[in-house]
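Here the structure comes first, spelled out in structure tokens, and everything after it is commentary.
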Amino acid sequence: MPQRITIADAARHVGESVEIPGWLYNLRKSGKIVFPILRDGTGIMQCVALKSALPEDVFEELKHLTQESSLIVRGTIRAEPRAHGGYEMDIESVEILQKVSESDPYPITPKDHGVDFLMDHRHLWLRSQRQHSIIRVRHEIIKAVRDYFDDHGFTLVDTPIFTPAACEGTTTLFEVNYFDNDKAYLTQSGQLYNEADAMAFGKVYCFGPTFRAEKSKTRRHLTEFWMVEPEMAYADLEEIKRVAEEMVIYVVGRVLEKRREDLKILERDVAKLEGVQAPFPRLSYDEAVKNLQQHGSEIQWGGDFGGGDETILTQQFDRPIMVDRFPSAIKAFYMAPDPDRPEVALGVDVLAPEGYGEIIGGGQRIHDLDLLLRRIEEHQLPREAFEWYIDLRKYGTVPHGGFGMGIERCVAWICGLEHVRETIAFPRILYRLRP
RNA sequence: UCCUCAGUAGCUCAACGGUAGAGCAUUCGGCUGUUAACCGAAGGGUUGUAGGUUCGAAUCCUACCUGAGGAGCCA
């Protein structure tokens, strides 16, 4: 039996007789020679079958093979400059596991398709080259994020998905009716639990899915998305900004190092990613508002940025920017106020360049017991639900904070995608639950 | 939730008041180096649904359904 290899490994088996299990990606034929294009999940490789070199029935079978039929090809690997990827297999024999029916052919052809059709066939769309590249970049981003935190003294302490109380507004929560005496919700953030974990371990992070029942129908929103959230005890806003900047630079660098081929398939302008270096421009909210007004925005001090505002702001820079000290009034109850200017909060947003918008939001949390109690009251939150959270301010409270980074927005930015729906295998967006 | 746009062959689109068409996919034929291969032929349609205007509607009008883009909200 020949050795079984993958297409990604083909270069190391030149001249050897091997077998590759896979699927038929495409087939080109020209009389007495056919070129089956094989994919196996690790890559795509052209094979060559000559009528004169094969038994009649094998050649005929191959000639009529349909797209996405499953097969094992056996033959010899050869370096071939005419083939994409530089290697080719001279087919000696094939084993067809299943021939896709001609009467019900594979729906995704090598030609163009519309968004609706592709989304309805997402389970098959994942087989195409472009989707492979995106998912591989996503994998690298997640691995780089984990490596960054693992190598900088953070402990992974994951937080629950079912939560009894809201982290932010209650209008955007998914309610779950299961627990007898309590309403439960799907988490929108692990942050509150992260704070407890940080008081136990110092530096922690969580990484998992989060859920937002927002009626958002834009290219930047998913109802279910993945978020990484670090939280640090004894950290102030400047430290939080430093870590966010360092992590983003590390992640972008890793993708450039390991997944350059995929960025090429995605036709990403890597020069734009190579420019992602320290220091990121830092603006205060005050400066950002002034800047936006000068560029024709209607924004007034006290208001939140609109989608257009983020674009105006980020277009002026060649790398992500950090905007801090937003008005406390538009931020969550737990945000620490600036001691010198209580009307602004010690929060920071990181905005990606090229119009990709907010990828990180974070800041310093309130660590003073009395102030936290006051804020819970002002926001009319049920104190009972927050008793455990309040405890963190009773037993050895310290300045602390962290941030959350949305993985899908980060993938969309690094890959240069128009829409976040391609950044996850099975996206959940408004009005779309299937497949 | 609101605003805008779009639904025609399996897919991508054309026809914009007067006989519904092309490319790809599928089938058959041709081609020994193709690169979304190419060349020839065939099959494939209640034009999203319901109603209306008209001698005549894919085309104009109304409602609904589905999708896309955007707004608000957010990562």
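Numbered from 1 within each chain, the chains take letters A, B, ... in sequence-line order. Heavy-atom basis, side chains included; hydrogens, waters and symmetry copies ignored.
With centres under 5.5 Å and a plane angle under 30°, the ring of A:F225 is stacked against the base of B:A75.
Salt bridge status for A:D120 with A:R432: present, with a side-chain N to carboxylate O gap under 4.0 Å. Taking the charged nitrogens against the carboxylate oxygens, A:E95 and A:R74 do have a contact shorter than 4.0 Å, which makes a salt bridge. Residues A:E239 and A:R242 are paired through a salt bridge, judged by an N-O separation under 4.0 Å between the basic side chain and the carboxylate. Salt-bridge formation is detected for the pair A:E354/A:R268: a Lys NZ or Arg NE/NH1/NH2 atom is positioned less than 4.0 Å from an Asp or Glu carboxylate oxygen. Salt bridge annotation for A:E261-A:R136: absent, with no cationic side-chain nitrogen under 4.0 angstrom from a carboxylate oxygen. Under a 4.0 Å N-O distance rule, the pair A:R220/A:E408 does not qualify as a salt bridge.
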Could you list, one pair per line, each protein nitrogen or oxygen that sits under 3.5 Å from a nitrogen or oxygen of nucleotides 7-14 of chain B, together with the distance?
unit_1	atom_1	unit_2	atom_2	d
B:C11	O2'	A:D112	O	3.3
B:C11	O2'	A:H113	ND1	2.6
B:U12	OP1	A:G114	N	3.0

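A:E88 comes within 4.0 angstrom of a nucleotide base, judged by non-hydrogen atoms across all strands. Across all strands shown, A:D304 has heavy atoms under 4.0 Å from sugar-phosphate atoms exclusively, and none from any base. Residue A:R432 is classed as a sugar-phosphate contact, given heavy-atom separations below 4.0 Å to backbone atoms only. Residue contacts for A:T210: at a heavy-atom cut-off of 4.0 Å it reaches no nucleic acid atom on any strand shown. Residue contacts for A:L50: at a heavy-atom cut-off of 4.0 Å it reaches a base atom on one of the strands shown.
Note: A:Y250 and A:Y148 have tilted aromatic rings, judged against thresholds of 30 and 60 degrees for the angle between ring planes. Between A:F174 and A:F211, the ring planes lie perpendicular to each other; the angle is over 60°, past the 30° to 60° tilted range. Between A:F333 and A:F386, the ring-plane angle classifies as perpendicular under the 30° and 60° cut-offs.
Less than 4.0 Å separates RNA chain B from no heavy atom of any residue of residues 89-100 of chain A. Non-hydrogen atoms lying under 4.0 Å from RNA chain B are contributed by nothing in residues 121-148 of chain A. Near-neighbour residues of RNA chain B inside residues 409-427 of chain A, defined by a heavy atom below 4.0 Å, number-ordered: A:R409, A:H419, A:R421. Residues from residues 14-27 of chain A placing a heavy atom under 4.0 Å of any atom in RNA chain B, listed by number, are A:N26.
The gap from the P atom of B:A68 to that of B:G30 amounts to 45 Å, rounded to the nearest Å. Nucleotides B:G44 and B:A20 are separated by 15 Å at their P atoms, to the nearest Å. For B:U47 and B:G10, the C1' atoms lie 16 Å apart once the distance is rounded to whole Å. The same atom, C1', is picked in B:U19 and in B:C31; the two are 38 Å apart, to the nearest Å.
With B:C73, B:U27, B:G33 as the choices, the nucleotide that has an atom nearest any side-chain atom of A:R82 turns out to be B:G33.
For the 3.5 Å distance criterion, the side chains of A:E229 and A:Q191 fail to qualify, holding no donor opposite an acceptor. Under the 3.5 Å distance criterion, with hydrogens and angles disregarded, a donor-acceptor pair is assigned to the side chains of A:Y389 and A:E195.
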Show me the donor-acceptor pairs within less than 3.5 Å that the side chains of residues 36-51 of chain A make with the rest of the protein, sequence neighbours left out.
unit_1	atom_1	unit_2	atom_2	d
A:R39	NE	A:E68	OE1	3.4
A:R39	NE	A:E68	OE2	3.0
A:R39	NH2	A:E68	OE1	2.7
A:D40	OD1	A:T42	N	2.8
A:D40	OD1	A:T42	OG1	2.7
A:D40	OD1	A:G43	N	3.2
A:D40	OD2	A:I7	N	2.9
A:D40	OD2	A:T42	OG1	3.3
A:T42	OG1	A:I7	N	3.3
A:T42	OG1	A:A8	N	2.9
A:Q46	OE1	A:R28	NH2	3.2
A:Q46	NE2	A:E88	OE2	3.0
A:K51	NZ	A:E56	OE2	3.3

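The distance from the CZ atom of A:R259 to the CG atom of A:L266 is 11.0 Å, given to the nearest 0.5 Å.
At B:A68, one or more side-chain N or O atoms of A:K217 fall inside 4.0 Å of OP1 or OP2 (strictly under the cut-off).
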